Amino acid sequence: MQNRDKPAGNPLSHRASPLSRVTHPAAFLLTAVIWSLLVLFSLWTQREQMNRMAQELARIDAIANLKKDMAIRKWASQVGGVFIDEDKAPNVDALSDQLRLQAATATGETFKMIALTPIHILLGIQEVSNKEYGSKERLTSLQLRNRENAPDAWETQALKTLETGSELVAEAMPKGKGHGLMRVMIPMRMEEECLECHRETLVPVGGLRGAAAVSVDLNTYWSAQQPTWRTIQYWHSGIWFAGIATLLAYWTFLRRRAAEHAHLDAERRENEAVLQQHKLRLEESEARLRELAAFLQTIREEERTRIARELHDELGQALTALRFDLGWLRGKCGALGAPAADHVASALGVVEQSIVALRRISEDLRPAMLDSLGLAAAIEHHAAQFAQRTGTPCHVSMNREEFDLESNLATAVFRIVQEALTNVARHAEASEVSVQIDETDAGIRLSVWDNGQGFASDSKKKTFGLLGMRERIAMLGGSLQIDSPPGAGTRITAWLPYREAKPT
C-alpha cells in the first residue's frame, strides 16, 4: 500500500542542473588549464616563427656574403690578378711561383710587388671577415691540395648535393647551447682562367672544382629579436591574466545564478511535494466521496424499494378496498336519491385516480417489473409509458431477451435510461427516441438517441441529471460519452463493465 505521507515526486525534478556541473570548481580548473595551454601554444608558435625568421635572415646574409666573395673572385679573375706590396702579402711561401715586379714611387723610393691570384684574394678577404665579424668562411673540395681545407661531414654531404646540380645548400645546425649555426654552401665551377693552376685536377670547364662555405651564428640574429620577443611575452601574459580574470568573473556569476536556481528548484520541489500531497488527499477525498455516494445510492434504492413496496402493499390495498366499498355503496344508494349517488360516484373517481397515481409513483420509485420480470421487461414497460405520456415514439432494441445482471448493475442501467428519457421529455422537443442495449462478455453498452434540438455539452449550466448519470457510471467503473451538436439531436453512450468478466 502506498505511503500517502511521502508522495512520489517527479524524478525529473531531482536531476542535476546543467548549471551545477558548469559551476563546479573542477570545471573552472579545467577551463583555466585549457586557456593556459592555448596561451602557451600561441607563445610557442610565436617563438618558432621568430626562430624561423632568424634562420631565414642568417641564410640570406650568408648567401649574400658568399656571393659577394664570388663576385670579388670573378672580378680578380677578369683583371688577371692584383699586385700588392710583397711585404704585406700573406703566406709568401705559397706565392713562390707568382709574378714579381720592382716598383718605384714618385719620390724614387723602390719596393717589391707580387701578383695575387683570385683565390689568394678570396682567402685574404675570408681571413679578415672571420677575424672581424665572427663568421666562418672557407673553401673546401673533395679533391684536396691542402688538408686544412678538408671538408667535414656536413660539407662532404653538401658537396655531393652540389654535384647533382644544386646551386645552394643551406641548413640550420643545432648546438648544445644557444640557437646553433646557419651553414650555407655555394659551388665553385671550373673556369678557363682557373685551368692554369688547376689543370691537374682533371675537372672540366663548368665542372665542380670545390665550394665556398660559411657558418653564421644564429645567436646574433636571435639577440636582435629579444625586444620583440619580450613584447610578445608581455602581451601573452596580459592576455592570459585577462582571460583568467574573465573566466573567474563569469564562473562567479554562474555560481550565483546556480545558487539562485538551486534555491528556486528546492522551493519548486517543496511546492510539488505539497501539490502532490494535496492531490493525494483530494484523490482520497474523491474516493471516499464516491464510496459515500455509492453507499447513499444503495441506501436510496433500498429506501425507494421499501417505500414503493409499502405504497403498493398497504396504501394500494387500502385504496383497492375503499374502491370496492364505494362500488358496493353506489349500488345501495339508489334509495337515497341522485345527490347521494353523485357523491359516491365522485368519491369512487377520486379513488380510481389515486390508485393510478399510486401506481405511477410506485413505478417511479422502484418499478416492480425490475425485480419480478427483469431489466428487459422493465425497460420496455418504461419506454411504453414514456411514449404514452409524451406522445413521442420510443423504439427499444436489445440483443438479449433478458439480461442476467447483478442487482446494482441492472438498477444502474434502468436509472440511466429513466433519466435520459426524462431529459428528452423536458428539454429535447424530439419527435423520435431510440434506446439500444447490448450485452457483451465484458459488460453492458447502452445508447439513448433522440432527434431533438440538442445542447452545448460545454455549457456552464448545471445539469444535475447528467451529473447524476456520470457519478452513477463512475461508481461502477464505467464511462459516459455525450454527443450533442446544437440542432442535431443528442446521443448518450454509456459503458458499464462487469465487476468480473463473465464466462463465455
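As the structure is a computational prediction, the values presented were derived from the model and not from experiment. For the numbers below, each heavy atom of this structure counts, side chains included, while hydrogens, waters and symmetry mates do not.
Of the possible polar contacts, none joining the D450 side chain to the A428 backbone as a donor-acceptor pair under 3.5 Å is found. N451 places no side-chain N or O within donor-acceptor distance of the main-chain N or O of V433, the cut-off being under 3.5 Å. A donor-acceptor pair is defined here as one N or O able to donate and one able to accept, closer than 3.5 Å; no such pair exists between the side chain of Y498 and the backbone of L405. A donor-acceptor pair under 3.5 Å links the side-chain atoms of Q453 to the main chain of H427, judged by distance alone. Counting only distance, with no hydrogens or angles, the side chain of E432 and the backbone of P393 share no donor-acceptor pair below 3.5 Å. No donor-acceptor pair under 3.5 Å is formed between the side chain of Q225 and the backbone N or O of W222.
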For this session: Determine, step by step, whether F414 and I379 satisfy the side chain to side chain contact (heavy atoms under 4.5 Å, CB included) criterion, reporting the C-alpha distance in whole Å, the side-chain angles of both residues, the deciding distance to 0.1 Å, and the verdict.
Result: CA-CA 7 Å; F414 179 82; I379 294 292; 3.8 Å; yes
Q.
Go through it in stages, so that I can follow the logic: the residues are T228 and M50, the test is side chain to side chain contact (heavy atoms under 4.5 Å, CB included), and I'd like the CA-CA distance, side-chain angles, deciding distance and then a yes or no.
A. CA-CA 9 Å; T228 304; M50 294 187 69; 4.0 Å; yes
Open item on the list: Run the side chain to side chain contact (heavy atoms under 4.5 Å, CB included) test on C394 and L421 for me, step by step, so that the C-alpha distance in whole Å, both residues' side-chain angles and the decisive distance to 0.1 Å come before the verdict.
Closed with: CA-CA 9 Å; C394 183; L421 293 180; 4.2 Å; yes
Practice task
Determine, step by step, whether R59 and V184 satisfy the side chain to side chain contact (heavy atoms under 4.5 Å, CB included) criterion, reporting the C-alpha distance in whole Å, the side-chain angles of both residues, the deciding distance to 0.1 Å, and the verdict.
Solution key: CA-CA 7 Å; R59 189 179 73 87; V184 180; 4.3 Å; yes
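Inter-residue side-chain proximity for Q277 and L282 is flagged as unmet; no heavy-atom pair is nearer than 4.5 Å. Within the 4.5 Å cutoff, side-chain heavy atoms of L446 are placed close to those of V435. For the pair M185/P151, no side-chain contact is recorded, criterion being any heavy-atom separation below 4.5 Å from C-beta on. At a threshold of 4.5 Å between non-hydrogen side-chain atoms, the residues F386 and Q418 do not count as touching. Under the 4.5 Å side-chain criterion, counting only non-hydrogen atoms from C-beta, S484 is not in contact with R491. Put simply, the side chain of T45 does not reach to within 4.5 Å of the side chain of Q49, judged on heavy atoms.
Here the straight-line distance linking atom NE2 of H24 with atom CG of L29 works out to 11.0 Å at 0.5 Å rounding. For the atom pair OG1 of T390 and CZ of R426, the computed distance is 13.0 Å after rounding to the nearest 0.5 Å. The distance from the CZ atom of R269 to the CD atom of Q276 is 14.5 Å, given to the nearest 0.5 Å. Taken from CD1 in I186 to NZ in K67, the straight-line distance is 7.5 Å, to the nearest 0.5 Å. Taken to the nearest 0.5 Å, the CG atom of L375 stands 7.5 Å off from the CE atom of M398. In this structure, CG in L496 is found 11.0 Å from CE in M475, a value given to the nearest 0.5 Å.
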What pairs of donor and acceptor atoms, side-chain ones from residues 157-166 against any protein atom, are under 3.5 angstrom apart with sequence neighbours left out?
unit_1, atom_1, unit_2, atom_2, d
T161, OG1, Q157, O, 3.0
T164, OG1, T161, O, 2.4

Kindly list each side-chain donor-acceptor pair under 3.5 angstrom involving residues 236-250, sequence neighbours excluded, with atom names and distances?
unit_1, atom_1, unit_2, atom_2, d
H236, ND1, I232, O, 2.9
H236, NE2, S42, OG, 2.8
S237, OG, Q233, O, 2.9
W240, NE1, S36, OG, 2.7
T246, OG1, A242, O, 2.8

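For Q388, the side-chain contact (heavy atoms from CB on, under 4.5 Å) criterion is met by no residue, not counting sequence neighbours. With sequence neighbours left out, the side-chain contact (heavy atoms from CB on, under 4.5 Å) criterion links E48 to W44, N51, R52. The side-chain contact (heavy atoms from CB on, under 4.5 Å) test applied to D61 returns Y221, not counting sequence neighbours. Residues satisfying the ring-ring contact (aromatic ring centres under 6.0 Å, His included) criterion with W251, sequence neighbours excluded, are F28.
With respect to E284 and R281, no salt bridge is recorded, no charged nitrogen being found less than 4.0 Å from a carboxylate O. In this structure, E171 does not pair ionically with R183, as no charged nitrogen and carboxylate oxygen lie closer than 4.0 Å. Look at E272 and R268 and you find a salt bridge, because one of the NZ, NE, NH1 or NH2 atoms lies within 4.0 Å of a carboxylate O, short of that distance.
No side-chain donor-acceptor contact under 3.5 Å links D483 and T493.
The only option from L37, T31, L38 that meets the side-chain contact (heavy atoms from CB on, under 4.5 Å) definition with I34 turns out to be L38.
Crowding of E267 atom CD: a count of heavy atoms from other residues, nucleotides or ligands under 6.0 Å exceeding 12.
For the pair P187 and E167, the tightest heavy-atom approach, listed with the atom from each and the gap, is CD-O, 3.4 Å. Scanning all heavy atoms of the two residues, the minimum distance from N423 to M469 falls at ND2-CE, 4.1 Å. Nearest approach of G443 to W495, heavy atoms of both residues: N-CH2, 3.5 Å. The heavy-atom pair separating I492 from A420 by the smallest distance is CD1-CB, 4.4 Å. Residue A54 comes nearest to L218 through the heavy atom pair O-CD2, 4.0 Å, listed as atom of the first residue, atom of the second, then distance. Nearest heavy atoms, P227 versus S223: CD-O, 4.1 Å.
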